[in-house]
Amino acid sequence: MTTQMDNDLVHLRLILVSGKTQDFTFSPNDSATDIAKHVFDHWPAGWEEEQVSSPSILRLIFQGRFLHGNVTLGALKLPPGRTTVMHLVARETLPEPNSHGQRNREKTTESNCCLLL
């Protein structure tokens, strides 16, 4: 029998760059930092080659965007009862929140070049 509490849990399938996957279950109140720490503390068997030295460099990517440490799963409005896939990567720093990558830079009409005299 499933309790209401079970229905509120968030099921994540984390994928490493190597393609290895592992399923985890979290509370909607858990943040990206909480998830990184949990995964680090419970590093799955079979992921030994990808082991990192600290949870602080583990980053989650959801729908092509890095999740900053304080973002909770509840804030993402993930569909209940379904497994959500996220990528887990080792990266020291995150891009700036306003950085939209090369794709948006190409759409702008302003030039980023300079004239040297």
_Atom pair CD/CD1 of Gln22 and Ile15 - distance to nearest 0.5 Å_ = 12.0 Å
_Shortest non-hydrogen contact between Ser27 and Val10, atoms and distance_ = C-CG2, 4.5 Å
*Roughly how far apart are Glu92 CD and Ser56 OG, rounded to 0.5 Å?*
7.0 Å
For residues 70-91, dump all side-chain donor-acceptor pairs below 3.5 Å to protein atoms at least two apart in sequence or in another chain.
from	atom 1	to	atom 2	distance (Å)
Thr72	OG1	Ala75	N	3.2
Arg91	NE	Thr93	O	2.7

*Please round to the nearest 0.5 Å and tell me the distance separating atom CD1 of Ile61 and atom CG of Leu14.*
11.5 Å
_Measuring only between side-chain heavy atoms, which start at C-beta, is Trp47 closer than 4.5 Å to Ser18?_
no
_Using every non-hydrogen atom in the two residues, find where His42 and Phe24 come nearest and quote the distance to one decimal._
O-CE2, 4.4 Å
*Return each pair, listed once, that meets salt bridge (charged side-chain N to carboxylate O under 4.0 Å, His left out) where at least one residue sits in residues 39-57; pairs must be two or more places apart or across chains.*
Lys20-Glu50, Lys37-Asp41
*Contact check, side chains of Phe26 and Ile35, non-hydrogen atoms, under 4.5 Å*: yes
_Can you give me the closest heavy-atom contact between Pro55 and Ala36, atom names plus distance?_
O-CB, 3.8 Å
